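Nothing here was measured: the structure is a model prediction, and the numbers come from that model. So that the names make sense, note that chain A is the first sequence line, chain B the second, and so on, each numbered from 1.
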2 protein chains.
Amino acid sequence: MSGMNRRRITSKELAKLAGVSSATISRAFSPDSRIGSATRDRILAVAREHGYQPNAIARSLNNQRSRLVALVVNAIGNPCEAEEQQLLVHRLQARQLLPIILCCADHSDRLQLMRLASTYQVDHVVVFSDMVSMQDAVDIFHTTKPIIVSFEPLENEDVSSIRIDGSEAADEIIDKIVRDGKKRFAYLSGTNSSWIDKLRRKWFADALAKRGLSFEAQAFGDYSYDSGFKEAVLLLHRDKVDAIICGNDVMAIGARDAARRVLRKNTPDDIAIVGQDGIAMAAWDCNDLTTLSLDHVAFIDAVVELIERHDAEIEGPHSITLTCTARWGSTA
Amino acid sequence: MSGMNRRRITSKELAKLAGVSSATISRAFSPDSRIGSATRDRILAVAREHGYQPNAIARSLNNQRSRLVALVVNAIGNPCEAEEQQLLVHRLQARQLLPIILCCADHSDRLQLMRLASTYQVDHVVVFSDMVSMQDAVDIFHTTKPIIVSFEPLENEDVSSIRIDGSEAADEIIDKIVRDGKKRFAYLSGTNSSWIDKLRRKWFADALAKRGLSFEAQAFGDYSYDSGFKEAVLLLHRDKVDAIICGNDVMAIGARDAARRVLRKNTPDDIAIVGQDGIAMAAWDCNDLTTLSLDHVAFIDAVVELIERHDAEIEGPHSITLTCTARWGSTA
DNA sequence: ATGCATTGTGCACACGATTACACAAACGGT
DNA sequence: ACCGTTTGTGTAATCGTGTGCACAATGCAT
């Protein structure tokens, strides 16, 4: 009870204390097993008294079920993923699943990191990061079937995925900006060339093409405020663009600050700036960003749905498609 | 090799394939064990060919060492903790330790959550959250000697802790604001009453007291932008304060927006606003916040230092104290 | 050639739980 | 009173590794 005892008590020891066998201890902690209710109550009482809890590691070894979930993410701090991570972690915890975070940004060997996690026999893997190739994830977690969350078209693979479609919303946004008289568009990528970045850019490029336009310039940042600021200065000054589509909201805020501070230009009159993700911060009064937004709750609902299907051992790779919406602010 | 095989191969099976005993397989994967280098090379080759990796769950059971670390946090998305979480996760991964995240905000039963994690025999526990009582953490992880990140004085307990002292920096900041002529101070708390909030408030209250002043008003938010915005409107309008010390940076940004938008008052001339944490966002051009800042790198260095001492089984509870610094922006 | 230290490998048990099987006791229906 | 079913518990095997011990083989010094 008190914090005295260092060592954790085992089921066999508790068995001796309660005058039963260790099998009965185990049964006392398994909801639907044949055990007398009097015995169970007594065991639970003794267990509480001695601070006994079944060892999840040993249980996992026997069960072949660890109740661990690997979340492969770029970073924790970055708001664009953070809201989804937060939601998912809550949903997992409610199901008694524990998340193991794998941070891929700045990590020299992402593959080794994933291999390490895979040795822990995780039950599920959710890939948010665009810094790992899906094929690598599938190979490394090949025993874990359920792999997840992709923006890229994962053909013939035995993995479940969530596809995201923002083409319609991108079209709406481009429509508005073009009607406002903007003519020279730039795309500010989040990474040099990840599948998710390519896809997002394509949504807007298609919308432009439909109107006989295309991107006049393209820059590459790293999803950070600073890179948004720096690249926007170049785009505005050197390339004279009057509309910047950014790979995420944080860079868009940086770009807006650059326009305002360095070039003395204001949105949406002088230039248009568009973000992506629809993070909460984008709606703050000081930002008020126009952004291509994804419904985070629906997104995480989909992830949990896939996890549950997998748990229920419903066969075959599943796929869910979500569409983005335009969220209007004062920047475009 | 290819993604075909569903089941993971075991050491005994690999042993048969390599014509050795399973003990030798184990030794091939343990760096300093007596094994012929030829045998080891052959085994590693066969292992690679069949995609074998030792099962970390089984190893943990045998070793009494899981290489898992529980991180008890309020939330993932909130920037105030996120930067530290990010840093720590990287440092852990570099040591081949895997972090399990426990999100306490909005979770009905934090104790049960911690108990769940404790059954996984985590090697270390780091408590960032101020929503759990230290005593609870110590009790639940009594076998683990948690590394506590504590602002509160944890006396006589057998846990390592990191104390944070911001009194000096708070004094500097109050000094500047008072010299600027501000007279009516308010404190905007992050939570109703957590130990961390109490301590932070005390730093500023002491600085005020030293000058014969005290807080004219106090409000309670929830560390979010919206709560900062909403409470600031009340403080400025109802209580006519001209300086607001906020429990974190995000609320400070909300308060600044409220002052500017609703009350048409500007910082630092009309009112002074101070944040706490020193997150990156506070330095963005659009925010430029004056804030009581903690060196995140030094902070995480301290956490890792404690973890290492704990790993090296250096006895006794350790304690490290860090001091905050004032980071000046245009809001105070 | 003998004795001793070193190296490499296998056997068998431990880690802490779950669970199929066996079996005794209790129960209910005729 | 008898038999079949249900209920509760113990025994022992299992999950996949790590490791102490035993033992054979090799190397080295005398």
Side-chain angles (χ1 to χ4, degrees), chain A residues 7-44 46-47 50-68 96 116 118-123 143, chain B residues 5-44 46-47 50-68 96 115-116 118-123 143-144:
Chain A
R7 214 173 57 74
R8 198 169 282 269
I9 201 176
T10 79
S11 86
K12 202 166 293 183
E13 292 170 302
L14 188 68
K16 196 155 293 176
L17 289 169
V20 293
S21 81
S22 76
T24 306
I25 300 293
S26 171
R27 286 190 266 257
F29 283 89
S30 309
D32 340 288
S33 58
R34 297 199 327 204
I35 185 178
S37 56
T39 321
R40 161 171 284 151
D41 292 346
R42 184 162 48 89
I43 288 178
L44 291 182
V46 182
H50 293 271
Y52 170 82
Q53 296 249 129
N55 181 324
I57 296 288
R59 169 185 287 167
S60 301
L61 179 58
N62 185 294
N63 275 352
Q64 311 278 56
R65 197 125 188 293
S66 65
R67 304 198 71 83
L68 296 173
Q96 310 270 79
L116 175 60
S118 83
T119 65
Y120 280 81
Q121 319 295 91
V122 292
D123 288 345
T143 60
Chain B
N5 359 4
R6 274 284 140 250
R7 213 171 57 73
R8 197 170 282 267
I9 200 176
T10 78
S11 84
K12 202 166 293 182
E13 293 170 302
L14 188 68
K16 196 154 294 175
L17 289 169
V20 294
S21 82
S22 76
T24 305
I25 300 292
S26 171
R27 284 190 265 258
F29 284 88
S30 308
D32 342 286
S33 58
R34 299 201 324 205
I35 184 179
S37 56
T39 321
R40 161 172 282 151
D41 292 346
R42 184 162 48 89
I43 289 178
L44 291 183
V46 183
H50 292 271
Y52 171 82
Q53 297 250 129
N55 182 325
I57 296 289
R59 168 185 289 169
S60 302
L61 179 59
N62 187 299
N63 275 352
Q64 311 280 56
R65 197 125 186 296
S66 65
R67 305 197 72 81
L68 296 174
Q96 309 272 79
R115 272 192 280 265
L116 175 60
S118 84
T119 65
Y120 280 81
Q121 320 293 82
V122 292
D123 287 344
T143 59
T144 315

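- In this structure, Ile25(B) and Arg27(A) both approach DNA chain D, and ranking their closest nucleotides by distance from the 5' end singles out Arg27(A).
- When distances are taken from the side chain of Thr10(B) to each of dC15(D), dT19(C), dT17(D), the shortest belongs to dT17(D).
- Distances shown here put every side-chain N or O of Ser21(B) at or beyond 4.0 Å from the OP1 or OP2 atom of dT9(C).
- If you take NZ of Lys12(A) and P of dG10(D), they are 14 Å apart, rounded to a whole angstrom.
- Atom CG in Leu17(B) sits roughly 16 Å away from atom C1' in dG16(D) (whole-Å rounding).
- Taking CD1 of Ile9(A) as the start and CG of Leu17(A) as the end, the distance is 5.0 Å to the nearest 0.5 Å.
- In this structure, the side chains of Gln121(B) and Arg8(A) come closer than 4.5 Å at one or more pairs of heavy atoms.
- Judged by distance alone, with hydrogens and angles left aside, Asn62(A) brings a side-chain donor or acceptor within reach of the base of dT14(D), the pair sitting under 3.5 Å.
- Under 4.0 angstrom from either OP1 or OP2 of dA17(C) there lies no side-chain N or O belonging to Gln53(A).
- Nucleic acid contact for Ser30(A): none, since no nucleic acid atom lies under 4.0 Å from a heavy atom of the residue.
- If you take NZ on Lys16(A) and OG1 on Thr10(A), they are separated by 9.0 Å, rounding to the nearest 0.5 Å.
- Residues Ile35(A) and Ser22(A) both approach DNA chain D. Their nearest nucleotides, taken by heavy-atom distance, put Ile35(A) toward the 5′ side.
- Across all strands, Phe29(A) comes closer than 4.0 Å to no nucleic acid atom at all (heavy-atom distances).
- Per the geometry, CZ belonging to Arg40(B) stands 13 Å off C1' belonging to dT7(C), to the nearest Å.
- A donor-acceptor contact under 3.5 Å is formed by the side chain of Arg34(A) with the base of dG8(D).
- In this structure, Ser60(A) does not reach the dC15(D) phosphate: none of its side-chain N or O atoms is under 4.0 Å from OP1 or OP2.
- Whole-Å rounding puts the Asn55(A) CG to dT14(D) P distance at 21 Å.
- When each of Leu61(B) and Thr39(B) is assigned the nucleotide of DNA chain C with its nearest heavy atom, Thr39(B) is the one assigned upstream, toward the 5' end.
- Remark: P of dA17(C) and CZ of Arg59(A) are 9 Å apart, rounded to the nearest angstrom.
- Remark: C1' of dG8(D) and CG of Asp41(A) are 15 Å apart, rounded to the nearest angstrom.
- Counting heavy atoms from C-beta on, the side chains of Leu68(B) and Tyr120(A) come closer than 4.5 Å.
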(Q) Using side chain to side chain contact (heavy atoms under 4.5 Å, CB included), reason through Thr39(B) and Arg42(B) one step at a time and then give a plain yes or no. (A) CA-CA 5 Å; Thr39(B) 321; Arg42(B) 184 162 48 89; 3.8 Å; yes

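- Look at Ser11(B) and you'll find a side-chain N or O under 4.0 angstrom from OP1 or OP2 of dT17(D).
- The interatomic distance linking Lys16(B) (NZ) with dG10(C) (P) rounds to 13 Å, in whole Å.
- Not one side-chain nitrogen or oxygen of Tyr120(B) sits closer than 4.0 Å to the OP1 or OP2 atom of dG16(C).
- Nucleotide dT17(D) holds its P atom 13 Å from the CD1 atom of Ile43(B), rounded to whole Å.
- At a threshold of 4.0 angstrom between heavy atoms, the contacts of Ser33(B) with the nucleic acid are absent.
- A donor-acceptor distance shorter than 3.5 angstrom exists from the side chain of Arg40(A) to the backbone of Arg27(A), with no hydrogens or angles considered.
- Within 4.0 Å (heavy atoms only), Ser26(B) reaches at least one base atom of the nucleic acid.
- Close to dG16(D), at under 4.0 Å from its OP1 or OP2, lies a side-chain N or O of Gln64(A).
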